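What follows is a single structure, written as structure tokens, with notes after it.
Each chain gets a letter, A, B and so on, in the order its sequence line appears, and its residues count up from 1. Fair warning: this is a prediction, and the values are worked out from it, not measured in the lab.
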Amino acid sequence: MTDPDKPINFIQQVINHDLESGLVDRVITRFPPEPNGYLHIGHAKSICVNFGLAEQYAGGCNLRFDDTNPEKEDEEYVNAIIDDVRWLGFQWQGDICYASDYFDQLYSWAKYLITQGKAYICELNSEDMRAFRGTLTEPGKNSPFRERPALESLNLLEEMKTGQIDEGRMTLRAKIDMASPNINMRDPVMYRIKKMAHQRTGELWNIYPSYDFAHGQEDAIEGVSHSICTLEFAANRPLYEWFVDNLPLPSQPRQYEFGRLNLNYTVTSKRKLKQLVDESYVEGWDDPRMPTISGLRRRGVSPQAIRSFCDSLAVAKTDGVVDMAQFEHFIRDDLNTNASRAMCVINPLLVTLTNYGADKSERFVVAGHPNRDDLADRNLPFGHQIYIDRNDFSEDISLSRKKFKRLVIGDYVRLRSAYIIRADDLIKDDSGEITEIIGSIVDDTVGKDAPEGIRPRGVIHWVSATDCADCTVKIYDRLFNKAAPDADEESFLEHINPNSLTLIEGCKAELGLANASAGDHYQFEREGYFTRDSKSDSLVFNCTIGLRDNWKI
RNA sequence: UGGGGCGUCGCCAAGUGGUUAAGGCACCGGGUUUUGAUCCCGGCAUCGGAGGUUCGAAUCCUCCCGCCCCAGCCA
């Protein structure tokens, strides 16, 4: 799994050092999502880093829900996250962990800190607390409650816990340093009152621990050796360490930060993705245009493509924006080697083959993949009438064969895996639209080179007009038409691409496709990669991504 | 502005005093091809800036410039 040629990243350097020095004997990491939304491609990187490290070092990785704020969290998200991690192919160590499982322990550690004179109940309201905190350039001022006797704080904390104090009236704060240049160290809140039921602990608690008071201790309880998070938590590290140093923890985890993944032409912020869902800009968290794991899955992106992409990313401290094209490369790369080939005519144009009897028919057995015989062969019916794509025919006979490698009247083209045909005539309706092409086959050309004197202009796909499956195809474009939708002042919503979804009905697919199921990947030859939509009962295919298209006029 | 972090090709990114400054994506040429796909060949940077140390610097020092994060009882 580990690429020997891939350079060692800075976290691996730290781990190697910790292992050699004996500081650590087993590498334990963790992926700690808050269940307040669905996982997205950015989380995938974190998942790959954490589970990947555990795998490389034969350690373990925990899946732990950081459920310390019932206000934003929901069981729906918990289940979706579990599904996504599993779908990506990762297995966590032991049982799933929850911060809420540690609420009792956290609470007793809070009391311990009060006893040590290192925490106190503060009655400043949020507005005053902000004022007392100072600013980036000015130090803060001590809370008037800072020196309150430990016993008093202990009693008040108990009252907070049991619901005797109103929300917002009090907090438990760590007594650190109101003059610290690091604002996170200016007596941060450890517990706040939230008289709210928690999806796992119910009505048991009226107070909930803050992220800072919970995270490092959760890591310590679980024996996490390397707690890897994203760059924005770097300023919280001194606080993380302060709790680790001042509490009688079972282990001393260390925090390391790396740059989170950013992709252009999309947003990776749970808050923004939730807004897109809540305000119906998309159909849901799993809308195929969403950069969520579930959206990518429904779109037809494979777990392996996501993992390959994530593995291609550097674990470093630079915060860059990765080009969507890089992700697309890995999607195509995976699909090209794994997707079965098939034919589907998206804009059907009827072709009647005059020299192929209406009562005649054949079946061609065709490979499912050009270089993989483990993928099942296909059975393609052929007959008197077929469909080709309207884009594969042109009335302009002046187009050079180099410029237009498709069908024109009087010239030949190869039907993929079938006959060479010639277009002889066309029929139009009253409005001037072409309704039918009249053509003919060249005998004995299936699976054989073109006979002397006949040079097909190119190869086009087709489907039997009588033996095919009607289907709908959904083509997606980027959700935003600006590379950095959330870069400037105006809302990212201003940059939503109004044409991100194109629905095309009346497409004609080769017969076998009628049995496709969601999760199967196909390459519709000359078009792109598709998968059956998991949310539709009828035959609907989502375009995962188009084939690369290099030709220019 | 106080603190923390980061600046190597259009994008991502190796590089830890001596290399022709990896690799991938994108792009541009050319070849193969019953998918204008795939595949194959080839092209593509002097390292944010200015000084300095050194026989020698992307790598060390100094100053400057730019970008990101922190002033939620969010995570």
Side-chain angles (χ1 to χ4, degrees), chain A residues 5-9 13 32-34 36 66 68-69 71-73 122 124-126 129-131 133-140 167-173 180-186 188-194 207-208 210-212 214-215 229-238 257 259 261 264 270-271 309 312-314 316-330 332-333 336-337 341 343 370-371 402-406 413-418 420 445-450 456 458-461 483 523-529 546-552:
Chain A
D5 294 331
K6 206 178 177 193
I8 297 290
N9 66 51
Q13 286 177 23
E34 182 191 12
N36 65 344
D66 220 350
T68 58
N69 185 359
E71 204 172 312
K72 299 185 173 179
E73 297 154 8
C122 179
L124 250 25
N125 61 35
S126 58
M129 194 184 289
R130 191 189 322 123
R133 188 156 35 225
T135 67
L136 294 178
T137 48
E138 309 153 44
E167 278 190 31
R169 288 270 295 111
M170 297 180 187
T171 55
L172 176 68
R173 296 226 260 164
S180 172
N182 180 344
I183 294 185
N184 293 293
M185 300 298 270
R186 320 241 260 230
V189 169
M190 293 165 58
Y191 270 101
R192 70 294 209 196
I193 301 169
K194 278 182 191 289
I207 57 174
Y208 293 93
S210 64
Y211 165 84
D212 287 306
H215 207 88
C229 61
T230 43
L231 251 26
E232 67 269 26
F233 290 99
N236 298 57
R237 185 173 2 112
E257 313 89 24
L261 166 65
N264 60 16
K270 276 197 273 190
R271 202 210 99 226
F309 169 61
S312 81
L313 268 15
K317 300 188 89 127
T318 41
D319 49 354
V321 180
V322 175
D323 201 316
M324 188 59 91
Q326 187 163 333
F327 185 27
E328 293 177 340
H329 163 77
F330 286 96
R332 289 196 181 95
D333 191 50
N336 177 52
T337 66
R341 306 291 121 122
M343 291 193 284
N371 36 40
K402 171 94 176 166
K403 215 170 186 176
F404 191 73
K405 304 164 83 163
R406 310 176 185 192
V413 89
R414 159 77 68 180
L415 293 181
R416 166 118 255 229
S417 307
I420 289 171
T445 49
V446 180
K448 295 181 178 171
D449 288 341
V459 181
I460 65 172
H461 56 102
Q523 183 199 95
F524 289 177
E525 290 188 293
R526 302 208 314 130
E527 293 287 0
Y529 297 97
L547 250 28
R548 274 186 55 146
D549 196 359
N550 284 332
W551 72 290
K552 52 255 165 212

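Evaluation of atom-type donor-acceptor distances gives no pair under 3.5 Å for the side chain of Arg237(A) against the base of G4(B). Judged by atom type and distance alone, Gln13(A) reaches the base of U16(B) through a side-chain donor-acceptor pair under 3.5 Å. A donor N or O paired with an acceptor N or O is not found under 3.5 Å between the base of U38(B) and the side-chain atoms of Arg332(A). Under 3.5 Å, the side chain of Glu527(A) and the base of U35(B) form no donor-acceptor pair of N or O atoms.
Among the nucleotides G36(B), C70(B), C68(B), the one closest to any side-chain atom of Leu136(A) is C70(B). Nearest to the side chain of Pro7(A), among G15(B), G72(B), A75(B), sits G15(B). If you check U35(B), C73(B), A71(B) against the side chain of Arg526(A), the one that comes closest is U35(B). When distances are taken from the side chain of Thr318(A) to each of G7(B), C73(B), G2(B), the shortest belongs to G7(B). Distances from the side chain of Arg548(A) to the nucleotides U34(B), C73(B), C27(B) place C27(B) closest. For Ala234(A), the listed nucleotide lying nearest its side chain is G4(B); candidates were G36(B), G10(B), G4(B). For Glu34(A), the listed nucleotide lying nearest its side chain is A75(B); candidates were A75(B), G10(B), C70(B). Nearest to the side-chain atoms of Val189(A) among the listed nucleotides C73(B), A75(B), G36(B) stands C73(B). You'll find that the side chain of Ile183(A) is closest to C70(B), out of G5(B), C70(B), U34(B). Residue Tyr211(A) has its side chain nearest to A75(B) when only C70(B), G72(B), A75(B) are considered.
When the nearest nucleotides of RNA chain B are assigned to Val446(A) and Ala314(A) by heavy-atom distance, the more 5′-ward of the two goes with Ala314(A). When each of Ala316(A) and Arg192(A) is assigned the nucleotide of RNA chain B bearing its nearest heavy atom, the one mapping closer to the 5' terminus is Ala316(A).
Considering only side-chain N and O atoms, Arg133(A) lies under 4.0 angstrom from the phosphate OP1 or OP2 of G72(B). Note on Lys194(A): a side-chain N or O is less than 4.0 Å away from OP1 or OP2 of C74(B).
Side chains of Asn69(A) and Arg192(A) form a contact here, defined as non-hydrogen atoms less than 4.5 Å apart. For the pair Met129(A)/Thr171(A), a side-chain contact is recorded, criterion being any heavy-atom separation below 4.5 Å from C-beta on. In this structure the side chain of Leu415(A) never reaches within 4.5 angstrom of the side chain of Ile420(A), judged on heavy atoms.
Gly447(A) comes within 4.0 angstrom of a nucleotide base, judged by non-hydrogen atoms across all strands. The residue Glu257(A) sits apart from the nucleic acid: no heavy atom pair falls under 4.0 Å. Backbone-only engagement by Thr68(A) is indicated by non-hydrogen atom pairs under 4.0 Å involving sugar-phosphate atoms exclusively. Using a 4.0 Å heavy-atom cutoff across all strands shown, Arg271(A) reaches no nucleic acid atom at all. Using a 4.0 Å heavy-atom cutoff across all strands shown, Asp449(A) reaches no nucleic acid atom at all.
Distance, Arg416(A) CZ to U35(B) P: 5 Å, rounded to whole Å. Going from atom CG of Asp323(A) over to atom P of A13(B) covers 12 Å, rounded to whole Å. At whole-Å resolution of the value, OH in Tyr529(A) and P in U38(B) are 8 Å apart. Here A75(B) presents its C1' atom at 17 Å from CE of Met190(A), a figure rounded to the nearest Å. In this entry the distance linking CG of Asn236(A) with C1' of G3(B) reads 13 Å, nearest Å.
Pair check for C11(B) finds G24(B); Watson-Crick or G-U wobble, both atom distances under 3.5 Å.
Taking the O4'-C1'-N9-C4 or O4'-C1'-N1-C2 dihedral as appropriate, G72(B) has a value within 90° of 0 and is therefore syn.
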Open item on the list: Working note: Tyr529(A) + Phe524(A), criterion ring pair (Phe, Tyr, Trp, His ring centres under 6.0 Å); need CA distance, chi angles, decisive distance, verdict.
Closed with: CA-CA 6 Å; Tyr529(A) 297 97; Phe524(A) 289 177; 9.6 Å; no
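Side-chain atoms of Asn184(A) come within 3.5 Å of backbone N or O of Ala235(A) as a donor-acceptor pair.
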